[in-house]
There are 4 protein chains.
Amino acid sequence: MSTPRPTEVPAHLREAVDAAKERVAALHAELPRWELVVWTAGNVSERVRDDQGHDLLVIKPSGVSYDDITPDAMVVCDLDGNLVEGERAPSSDTAAHAYVYAHMPEVGGVVHTHSTYATAWAARGEEIPCVLTMMADEFGGPIPVGPFAIIGDDSIGRGIVETLRGSRSKAVLMKNHGPFTIGKDAKSAVKAAVLCEEVARAVHISRQLGEPVPIEQQYVDSLYDRYQNVYGQR
Amino acid sequence: MSTPRPTEVPAHLREAVDAAKERVAALHAELPRWELVVWTAGNVSERVRDDQGHDLLVIKPSGVSYDDITPDAMVVCDLDGNLVEGERAPSSDTAAHAYVYAHMPEVGGVVHTHSTYATAWAARGEEIPCVLTMMADEFGGPIPVGPFAIIGDDSIGRGIVETLRGSRSKAVLMKNHGPFTIGKDAKSAVKAAVLCEEVARAVHISRQLGEPVPIEQQYVDSLYDRYQNVYGQR
Amino acid sequence: MSTPRPTEVPAHLREAVDAAKERVAALHAELPRWELVVWTAGNVSERVRDDQGHDLLVIKPSGVSYDDITPDAMVVCDLDGNLVEGERAPSSDTAAHAYVYAHMPEVGGVVHTHSTYATAWAARGEEIPCVLTMMADEFGGPIPVGPFAIIGDDSIGRGIVETLRGSRSKAVLMKNHGPFTIGKDAKSAVKAAVLCEEVARAVHISRQLGEPVPIEQQYVDSLYDRYQNVYGQR
Amino acid sequence: MSTPRPTEVPAHLREAVDAAKERVAALHAELPRWELVVWTAGNVSERVRDDQGHDLLVIKPSGVSYDDITPDAMVVCDLDGNLVEGERAPSSDTAAHAYVYAHMPEVGGVVHTHSTYATAWAARGEEIPCVLTMMADEFGGPIPVGPFAIIGDDSIGRGIVETLRGSRSKAVLMKNHGPFTIGKDAKSAVKAAVLCEEVARAVHISRQLGEPVPIEQQYVDSLYDRYQNVYGQR
């Protein structure tokens with residue numbers, strides 16, 4: 001990673017960083033709203049960069065209550081996970097977020113939760129099969145499992161990147177741990193986290209009483225294509 | 001369909017359309033309230049027509065957050081799914097709603113959700129058996145499964161209509177997709193969506209530990225008849 | 001039943017009836033709060049009587065939204081289920097409530113819900129075994145199943161009374177239908193409804209992965225005795 | 001126990017006791033917020049002591065609604081469970097809390113709930129295996145089961161202490177009853193109660209469709225060590 005190591009937020013990125021702090025703080029409220037997290041678990045980050053090689057991320061501090069999340073409380077780090085701005089230690093998952101941004105230039109937002117049903121699949125190390133149209137729409141196929149990895153070095157980030165590079169999925173279930181999701185921005189990654197839990201739950205419940213019917217690959221492809229290109233407001 | 005193709009809402013239907021926008025916007029709040037939807041999924045529509053062949057529907061725009069739903073944000077379409085009024089693209093499920101109105105003249109409201117338990121039955125392609133008095137009351141028997149259908153043409157609408165025409169049920173579980181419900185107006189269709197999920201959940205949970213006891217057909221019939229004709233305020 | 005048939009609330013019971021309307025309206029809010037009901041399902045009643053043979057019940061009207069429940073909206077019936085005061089039709093379950101009051105003089109409150117897990121046991125016609133101290137405390141043993149009964153005559157009320165007379169339980173699971181609970185007043189019956197669903201859920205979940213350990217009868221007895229006589233504020 | 005038996009709160013502990021009442025009252029709101037309790041069940045306590053042998057606990061009164069919990073309503077007891085200050089009877093679980101403080105000097109907070117999934121494991125008398133990194137972080141291994149014990153003497157407290165002394169876990173599942181958790185203060189014990197239910201739920205759901213993958217002991221150890229020493233704000 002050859003990005004310049006800023007010791008502070010460059011002046012020309014101030015406005016973009018502050019806007020990202022607003023968005024990231026507000027998006028954290030979506031995690032308890034959709035019941036994806038308990039206590040202080042879970043985190044959302046968003047990337048802020050320019051075309052001169054500055055590349056930063058905005059993320060929640062470590063171990064902070066969802067009631068205490070404000071834009072000012074957010075911290076800024078570089079893509080090695082070093083603190084650039086903020087009064088508190090960054091989330092203990094910052095290294096994983098930073099690794100994803102450093103190695104997936106198309107990613108603008110990352111979310112990590114321990115949402116219950118997704119985590120339950122992750123504990124068995126089992127991918128979620130694509131048996132719902134909502135899943136084909138959003139994830140374009142199964143939601144894959146990433147390796148078991150320990151917090152504290154690059155191994156979580158590496159596991160996420162290696163798993164998602166070979167997949168259309170915006171979500172990966174890190175084994176024995178929980179889901180990470182990516183998106184073009186933080187909002188898109190939060191949406192993927194919400195839908196990941198929803199399909200993890202619905203497919204789990206479906207399988208409790210029998211085998212869900214698979215969707216033929218041609219239909220998975222056409223649903224994914226339509227949803228990525230047509231859905232929503234243009 | 002030989003309804004006149006309006007390019008705008010006819011003046012004499014203005015008041016009725018605005019009242020429907022109010023109702024439809026307010027009823028959308030029932031979907032997250034009863035946990036039938038996540039993120040922007042799900043939609044409610046209501047029909048507005050006159051006796052001169054004008055036949056319109058009011059529905060939510062595509063990909064809009066439940067926090068941003070106001071009467072003014074609602075859009076109006078004709079029964080071919082063409083936008084008649086509104087600044088945003090209509091819900092991507094509009095064609096299905098329109099098809100139902102065009103082919104079931106008794107229907108005044110349509111709701112679509114991906115509610116979890118109903119979707120879990122839909123993923124197995126399995127109808128929900130009638131083992132609860134609440135189910136006999138509201139649905140008059142099992143909740144049937146409709147065919148797998150791709151978004152983008154008439155196939156979802158056709159699947160709904162073909163399945164519900166041969167049934168007393170106000171709900172159909174579209175295979176690998178989720179439930180659609182109908183009613184005499186939007187509120188009645190929302191109620192059917194709420195009760196569809198509730199019976200999907202209760203019957204699922206009951207079957208996890210054994211076989212629920214069926215209700216004899218004569219009792220299903222008498223419960224349905226009483227509920228449709230006696231219950232509630234007259 | 002030889003209670004005098006009032007055509008209106010006797011003047012000397014006016015204050016007591018109004019106080020009961022306040023309590024019953026407020027207690028209805030506990031049903032959605034603890035997720036025991038959806039839409040307009042469920043109802044709470046409380047008895048108001050004197051020592052001259054007047055015996056009335058206050059209950060929610062039929063098919064009314066939980067948002068529209070106010071003390072003034074509550075209705076008053078006699079123990080034959082006839083409307084004594086109120087502008088709307090009483091709950092369609094009023095006959096069952098009235099039958100319980102008429103045949104169980106110690107009962108001062110009745111609650112009916114379709115709470116999910118209790119209803120799931122009811123659909124299998126299976127009693128909930130006493131494997132939790134909380135259950136021994138509140139119900140003094142298993143929660144029994146009552147017969148299948150059709151709405152519209154005395155059969156639901158009869159089924160409740162026959163089942164609860166031979167039991168320490170304040171709750172009965174009416175087959176294919178849902179739970180009814182009783183108490184010394186409406187609050188006590190609501191508490192029993194909340195705890196009935198909680199133990200129905202916990203015991204169901206416990207049994208999904210094996211057999212819960214039964215509690216020996218002597219301990220059930222001592223827990224029940226202590227809780228009924230010592231717990232709470234005196 | 002040779003602590004002086006105060007008949008009132010000593011003057012030099014007044015400020016500390018009042019601060020604890022504030023914290024304990026506020027922390028009770030976390031129990032319904034994270035759906036760990038229904039009705040009046042559950043309780044939080046915090047220890048207040050000095051170095052002269054005064055040792056007190058602040059706890060919720062018995063049978064009081066979560067809506068009525070204020071700092072002033074909290075009661076103060078000594079470590080034999082005797083009431084020292086307060087207008088209402090202390091929680092019926094006070095003896096168990098007091099026993100824990102009396103025998104585990106490192107404990108500053110205790111929480112008891114009947115949270116659903118933890119109680120479901122407790123009803124089977126089965127420990128929760130350590131198959132999630134979140135569980136290794138917080139509990140350092142499996143969550144153990146304590147003995148069946150009757151309310152009313154020391155047996156619950158003894159069961160908690162005997163089970164937790166041989167474990168890194170901050171939570172114990174009392175058989176047929178529910179979880180008790182400990183912490184350095186009341187907030188830490190509430191956090192353990194929240195995470196205990198979350199891992200009880202996720203591991204339960206995971207096991208419904210197969211066997212979760214165990215985490216190797218060396219990784220459990222390194223996760224636990226990191227989390228206890230590095231996580232959060234310093």
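For the numbers below, each heavy atom of this structure counts, side chains included, while hydrogens, waters and symmetry mates do not. Everything numeric here is computed off the predicted structure, so don't read it as measured data. Chain A is the first sequence line, chain B the second, and so forth, proteins listed ahead of strands; every chain is numbered from 1.
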Engineer: Test of understanding: with ring pair (Phe, Tyr, Trp, His ring centres under 6.0 Å), list the residues that count as partners of A/F148, not counting sequence neighbours.
Structural biologist: D/Y219
Engineer: Can you sort out the partners of D/D137 under side chain to side chain donor-acceptor pair (under 3.5 Å), two or more places apart, ordered by chain and number?
Structural biologist: none
Engineer: Decide side-chain contact (heavy atoms from CB on, under 4.5 Å) for A/K60 and A/V44; before the verdict, give the C-alpha distance in whole Å, the side-chain angles of both, and the deciding distance to 0.1 Å.
Structural biologist: CA-CA 7 Å; A/K60 156 173 168 287; A/V44 177; over 6 Å; no
Engineer: Any idea how A/H112 and A/H114 line up, ring-wise: parallel (<30°), tilted (30 to 60°), or perpendicular (>60°)?
Structural biologist: perpendicular
Engineer: With only heavy atoms counted, which part of D/E30 is less than 4.5 Å from chain A, the side chain, the backbone, both or neither?
Structural biologist: side chain
Engineer: Would you call D/P61 and D/M74 a side-chain contact if the rule is heavy atoms closer than 4.5 Å?
Structural biologist: yes
Engineer: Can you name the residues of residues 164-190 of chain D that have some heavy atom under 4.5 Å away from a heavy atom in chain A?
Structural biologist: D/K187, D/V190
Engineer: Output side-chain donor-acceptor pairs under 3.5 Å for residues 203-211 of chain A, partner residues at least two apart or in another chain, one line each.
Structural biologist:
| from | atom 1 | to | atom 2 | distance (Å) |
| --- | --- | --- | --- | --- |
| A/H204 | NE2 | A/Q208 | NE2 | 3.4 |
| A/H204 | NE2 | D/Q208 | OE1 | 2.9 |
| A/S206 | OG | B/A120 | O | 2.7 |
| A/R207 | NH1 | A/E126 | OE2 | 2.8 |
| A/R207 | NH2 | A/E126 | OE2 | 3.4 |
| A/Q208 | OE1 | B/H204 | NE2 | 2.9 |
| A/Q208 | OE1 | B/Q208 | NE2 | 2.7 |
| A/Q208 | NE2 | D/Q208 | OE1 | 2.7 |

Engineer: Between D/V76 and D/L57, is there a side-chain heavy-atom distance shorter than 4.5 Å?
Structural biologist: no
Engineer: When only pairs under 4.5 Å are counted, which of D/L223, D/L195, D/I215 shares the most heavy-atom pairs with chain A?
Structural biologist: D/I215
